[in-house]
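Bear in mind the structure is a predicted one, so any value in this text is a computation, not a measurement. Lettering of chains follows the sequences in order, A, B, ..., and the numbering in each one begins at 1.
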Amino acid sequence: MMMQPNPAGRPAPVPGEAPLLSVDNLCVSIRVDDRSVNIVDGVSFSIRRGERVALVGESGSGKSVTARALMRLERRMKATGSIVCDGRDILKLSDGEMRRVRGGTIGMVFQDPMSFLDPLRTIGDQIAETLRIRGVSRRDAERKALHILDELKVERAAERLTAYPHEFSGGMRQRVVLAMALIGDPRLLIADEPTTALDVRVQDQVLALLDEISRSRGLSVLFITHDLGIVAGFADRVMVMYAGSVVEDGDVYSTFAAPRHPYTRGLLDAVPRIDRDSDRLASIRGTPPHVFARPQGCPFHPRCDRAFERCVIERPVLRELGGMRVACHRPEPEAAR
Amino acid sequence: MSRARSYLWFFAKRLGTVVFALWSLGSLVFLMIKVIPGDEAQIAAGPDASPDQVALVRQRLGLDASVIVQYFRFWGRLLHGDLGTSITTFQPVLLDLERTLPSTLELVVVAMLINLSVSIPAGLIAAARRGGRTDGLFRVLAVILGGMPAFWLALMLQYLLAARYRLLPISGQNSYGMEPPRWTGVPTLDAIAAGNMASLLDALTYIVLPAAVLAVLYSTQIFRALRTSLLGVLESDFIMAVRAKGATERRVLIGHAFPNSINPVLTLAGTQLGAMIGAAVLVETVFARRGIGTYMFNAVAQKDMYAVLGSVLFIGAIVCLINLVVDVLQIVVDPRIRAAQFGRS
């Protein structure tokens with residue numbers, strides 16, 4: 001995977017245009033023993049039309065829960081705050097209205113395509129289902145499914161429609177999952193680690209496909225990953241999550257060149273590079289806190305080299321800082337390194 | 001291998017297993033005859049027979065030959081459909097079974113239909129409302145009904161529905177004069193064959209109570225198995241993916257979760273069918289139905305060895321057949337099993 005940020009060829013932000021998605025102070029909590037625990041703890045961000053945003057973080061940082069909360073798919077959790085997508089507050093929709101958003105306005109691609117496909121249904125059935133739910137006739141839905149598979153460069157697509165998931169390779173399954181998300185013609189595509197379960201060569205293929213499709217359709221993409229190489233190659237903007245909140249949010253180029261949050265800095269330093277001399281692999285000391293035992297103050301302070309007294313007491317809020325947003329009392333200097 | 005050939009091969013293999021199972025069962029039955037205490041010739045000749053008469057019977061039944069010879073003769077008779085003669089009905093056991101089995105099969109099949117048509121909707125509803133009031137109610141009901149002795153339930157229902165409120169007949173298989181002309185021996189089927197609606201309704205009123213009683217215990221088992229299976233499947237990733245398409249909960253449950261939960265239910269229902277034939281004895285006794293249960297009960301009480309063993313062999317054959325059907329159903333439901341058996345479809 002390449003590491004060079006690539007800012008070229010991205011749609012320029014249109015000033016004054018309302019964002020497609022704006023999330024304000026989103027908290028997602030789960031009840032444990034009569035206690036409510038925030039897994040996602042006050043996340044705010046927005047995504048413009050056509051923008052590709054990467055959401056990065058370690059396991060347990062709350063990035064997947066955030067993504068699923070956008071579609072209200074976490075049934076046992078309670079979400080507060082507001083999620084406005086295409087002018088409507090997701091959290092205020094009725095169940096029926098929410099169903100129209102799922103697969104309609106918002107499409108979702110999941111991590112492990114095998115476990116996210118129904119083993120007993122044919123591929124064609126499963127791709128067409130998004131449309132069948134919306135009352136499209138079987139024939140039209142199947143024609144559209146065929147069309148989508150063609151668009152995703154699946155060879156002999158017509159035959160593939162009658163095959164079952166176990167008859168497909170990993171990369172093919174991921175295309176099927178992608179087709180399932182795209183057939184409803186969504187405005188926003190949420191991709192939850194769509195390439196993690198694939199080998200590197202197939203990863204590249206799927207990414208190139210995602211890149212092409214999101215560009216040609218003008219799709220907004222929220223791309224969840226822990227692979228920084230993918231972020232650099234694919235996204236316009238990167239948001240870094242730690243212990244349930246966004247700690248840094250900026251365009252990919254600036255963030256990769258000069259991260260302002262010590263955690264982001266640590267993540268980038270931990271990526272092995274061949275163009276730099278180093279005897280040992282850099283890593284962030286300690287481990288990320290468990291959801292039920294997040295520290296007071298800045299959640300990152302026990303692992304942070306730059307922490308001082310204030311970090312232990314007061315939790316930093318996300319604030320504007322040189323065109324980026326950073327939640328840190330003592331950010332890295334602007335021209336680091 | 002071609003598709004057709006792999007299908008043939010599959011059935012050949014399964015038939016082979018069935019034949020092996022029946023051979024084992026038959027041999028076991030033979031061994032039981034030899035091992036069970038009591039002289040066969042003495043039993044066949046009757047308790048009051050003189051030693052001379054017993055000796056005569058021994059010679060006539062070939063019991064004076066060596067065990068190996070007897071074993072082969074036993075199989076020879078079996079393959080000719082000779083299961084021996086009952087000492088209580090004085091008829092060939094095969095003829096007795098032909099008379100009693102249809103009634104039992106009717107009871108068991110109707111009981112299975114009642115079983116599934118109650119337990120499957122209940123399991124679906126309970127899983128959909130997991131942890132809710134309905135779920136709790138169904139689970140408590142399953143424990144209570146599952147722990148209720150069948151004969152007691154039979155007597156209570158008989159008292160309430162038949163004796164006290166006279167909604168259903170107390171016992172038997174047909175009202176007097178309503179019996180349809182005998183063809184299959186199954187009252188409801190015969191009534192349908194004869195095109196006699198009144199007779200069919202009559203037969204149904206007789207079957208519903210015993211079948212319901214027989215179904216109760218087994219439906220609580222299916223309910224629990226389906227609920228557990230569904231809850232597991234509902235947690236799986238692909239269910240979330242279906243929800244992400246905008247599917248209604250009904251579609252998620254019936255279109256996706258249910259087919260994926262059916263496998264353990266099929267297996268259980270298959271074993272239940274066999275067990276129900278065995279359990280029919282209590283219900284048939286209480287409701288005075290002339291089924292294989294009653295026949296076996298009498299045979300055991302009278303030490304009617306050939307009748308018992310013939311019934312065991314017959315029930316065994318039916319269980320083998322049911323297993324074959326369950327295997328085929330699983331292949332129909334799951335394309336992965338299909339692929340494992342027949343290669344890529």
Worksheet entry | For F116(A) against F238(B), the heavy-atom pair lying closest together | C-CB, 3.4 Å

Fill in: Part of V233(B) lying under 4.5 Å from any heavy atom of chain A
neither

Item to complete: Considering non-hydrogen atoms only, spot the tightest contact between P335(B) and P119(A) and give its length.
Response: CG-O, 3.3 Å

Worksheet item: Is there any residue in residues 243-263 of chain B with a non-hydrogen atom under 4.5 Å from a non-hydrogen atom of chain A, and which ones are they?
Response: R243(B), A244(B), K245(B), G246(B), A247(B), T248(B), E249(B), R251(B), G255(B), H256(B), P259(B), N260(B)

Discussion item. At a 4.5 Å cut-off on heavy atoms, which part of R121(A) comes close to chain B: side chain, backbone, both, or neither?
Written reply: side chain

Item to complete: Give a yes or no on whether K13(B) atom NZ has more than 12 heavy-atom contacts from other residues, nucleotides or ligands under 6.0 Å away.
Response: yes

Discussion item. Using a 4.5 Å heavy-atom cutoff, which residues in residues 122-135 of chain A come close to chain B?
Written reply: Q126(A), E129(A), T130(A), R132(A), I133(A), R134(A)

Item to complete: Tell me, out of M180(A), M114(A), M108(A), who's got the most heavy-atom pairs with chain B below 4.5 Å.
Response: M180(A)

Worksheet entry | F138(B) atom CZ, over 12 foreign heavy atoms within 6.0 Å | yes

Worksheet item: With a 4.5 angstrom heavy-atom cut-off, which part of R72(A) approaches chain B: side chain, backbone, both or neither?
Response: neither

Item to complete: Measure the spacing between CD1 of I239(B) and CG of L73(A) and express it to the nearest 0.5 Å.
Response: 12.0 Å

Practice prompt. Before giving the answer on salt bridge (Lys or Arg N to Asp or Glu O under 4.0 Å), spell out for R338(B) and E167(A) the whole-Å C-alpha distance, their side-chain angles and the decisive distance to 0.1 Å.
Written response: CA-CA 12 Å; R338(B) 213 144 60 217; E167(A) 298 171 314; over 6 Å; no

